[in-house]
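Read the structure below first, then the notes.
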Amino acid sequence: MPAPEHLAVVIPARNEEKLLPASLASVATAAQTLREQCGIPATVTVVLDSCTDGSLNVVTGLQPAWAPELELSTVEGSFGLVGAARAAGIDAQPQRPGLWIATTDADTVVPRDWLVRQCRLAGAGYGLILGTVVPDAADLSARELAVWELQHVLEEGHPYIHGANLGFSAAAYRRAGGFAPLEAHEDVDLVARIKATGTAWIATDETRVITSGRRDGRAPEGFSRFLSQLLAR
């Protein structure tokens with residue numbers, strides 16, 4: 001497939017006022033790096049799902065500083081299911097040719113070259129990119145971090161699927177039918193359907209992101225639940 005002509009980052013958030021600023025700062029840096037190195041514009045959409053805290057204020061407070069170089073927008077609603085929230089953010093994107101979608105989470109920090117690497121892999125012919133996720137070492141004890149590292153081999157061809165680090169062409173997403181309104185594992189479900197369409201895909205550690213090591217996450221079967229179960233062993 002040709003290289004993307006435009007990238008859209010979609011971030012679901014439910015009461016994430018504490019962690020959202022760092023996440024958005026990292027995504028803004030990634031978007032700026034993409035523009036500088038690849039000449040490709042990016043937009044960022046935060047999907048505010050049933051928020052009762054200051055998450056909206058975080059986004060609106062940043063919008064003046066981001067404009068006009070980078071578009072930062074919100075979608076608000078009571079979606080209840082993370083799959084529905086991700087789908088709403090993608091549905092809000094204009095139907096542009098050559099659109100690439102990158103998804104992450106509001107408690108996740110992405111590297112500077114996160115979007116650049118996705119763009120280059122897309123240009124190499126991949127329509128689906130599965131990235132890796134590691135917990136923030138600051139949230140774990142030395143023993144817990146050792147347990148995590150023992151259980152995970154982060155390398156090319158890894159077996160992991162994380163909504164906090166996915167990339168796919170909008171065309172592949174539409175062919176697969178989009179995110180289903182699932183309470184959990186919406187990422188695994190979507191990836192299986194994209195693969196079933198014959199879309200070329202890659203599992204890579206080149207786009208590794210850092211996610212909060214908290215144990216009280218927003219998705220009932222999400223990364224925090226997995227982390228809690230792993231470290232309780």
Side-chain angles (χ1 to χ4, degrees), residues 1 7-14 23 27 30 47 49 79 81-90 100-111 114-115 117-119 121-122 124-136 148-215 217-231:
M1 63 174 292
L7 274 87
V9 181
V10 175
I11 308 171
R14 179 182 293 180
S23 178
V27 170
V47 184
D49 183 8
F79 304 104
L81 303 174
V82 65
R86 293 194 196 279
I90 296 173
W100 183 266
I101 307 292
T103 72
T104 189
D105 287 337
D107 65 340
T108 299
V109 172
V110 307
W114 185 57
L115 296 177
R117 288 184 178 274
Q118 288 197 40
C119 178
L121 287 170
Y126 297 106
L128 170 66
I129 300 172
L130 311 178
T132 50
V133 171
V134 297
D136 189 338
W148 167 267
E149 292 176 342
L150 184 64
Q151 296 291 327
H152 290 78
V153 178
L154 304 180
E155 60 187 7
E156 299 307 290
H158 66 81
Y160 311 115
I161 298 172
H162 300 286
N165 195 1
L166 277 181
F168 41 82
S169 72
Y173 177 80
R174 289 192 295 269
R175 284 197 301 271
F179 276 114
L182 301 176
E183 187 174 11
H185 308 306
E186 81 291 343
D187 44 7
V188 176
D189 172 74
L190 174 66
V191 166
R193 285 185 283 111
I194 290 180
K195 289 180 178 180
T197 67
T199 298
W201 62 277
I202 184 172
T204 179
D205 189 39
E206 292 185 1
T207 61
R208 184 188 301 184
V209 303
I210 299 173
T211 291
S212 166
R214 67 187 178 187
R215 317 302 158 80
R218 305 302 182 257
E221 298 291 335
F223 187 77
S224 61
R225 171 72 177 275
F226 168 72
L227 193 62
S228 295
Q229 293 175 334
L230 173 68
L231 298 182

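- One distance of note links OG1 of T104 with NE2 of H162; it measures 11.0 Å at 0.5 Å rounding.
- Taking all atoms of both residues into account, the shortest heavy-atom contact from G131 to T207 is CA-OG1, 3.4 Å.
- Of the inter-residue distances, the one linking Q118 atom CD with T204 atom OG1 reads 10.0 Å to the nearest 0.5 angstrom.
- Nearest heavy atoms, V110 versus A30: CG2-CB, 4.1 Å.
- Between D205 and R117, none of the side-chain N atoms (NZ, or NE/NH1/NH2) sits under 4.0 Å from a carboxylate O, so this pair counts as no salt bridge.
- In this structure, the side chains of I90 and F168 come closer than 4.5 Å at one or more pairs of heavy atoms.
- Nearest heavy-atom pair, V47 versus G89, reported as atom, atom and distance to 0.1 Å: CG2-CA, 3.5 Å.
- Shortest non-hydrogen contact noted between A172 and S169 is N-OG, 3.0 Å.
- Between the side chains of T108 and T211, at least one donor N or O sits under 3.5 Å from an acceptor N or O.
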For this session: Under the side-chain contact (heavy atoms from CB on, under 4.5 Å) rule, what do H158 and L130 come out as? Steps first, then yes or no, please.
Result: CA-CA 9 Å; H158 66 81; L130 311 178; 4.2 Å; yes
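- The backbone N or O of L190 lies less than 3.5 Å from no partner atom in the side chain of Y173, so there is not a single donor-acceptor pair.
- When all heavy atoms of W148 and V134 are compared, the pair lying nearest together is CZ2-CA, 4.1 Å.
- Here the closest heavy-atom approach between residue G83 and residue F179 is recorded as O-CB, 3.5 Å.
- With W100 as reference, I129 is the one residue of L115, I129, V9 to meet the side-chain contact (heavy atoms from CB on, under 4.5 Å) rule.
- Side chains of I194 and W201 form no contact here, defined as non-hydrogen atoms less than 4.5 Å apart.
- In this structure, CG on L7 lies 9.0 Å from CH2 on W114, to the nearest 0.5 angstrom.
- The CG atom of L166 sits 9.5 Å away from atom CG of D105, with the distance rounded to the nearest 0.5 Å.
- P12 places none of its side-chain heavy atoms less than 4.5 Å from the side chain of D49.
- A distance-only check finds no donor-acceptor pair linking the side chain of R86 to the backbone of G178 [under 3.5 Å].
- Judged purely by atom type and a 3.5 angstrom limit, H152 has no side-chain atom pairing as donor or acceptor with the backbone of V133.
- Atoms CG and OG1, on N165 and T103 in that order, are 7.5 Å from each other to the nearest 0.5 Å.
- The distance from the NE2 atom of H185 to the CD1 atom of I161 is 11.0 Å, given to the nearest 0.5 Å.
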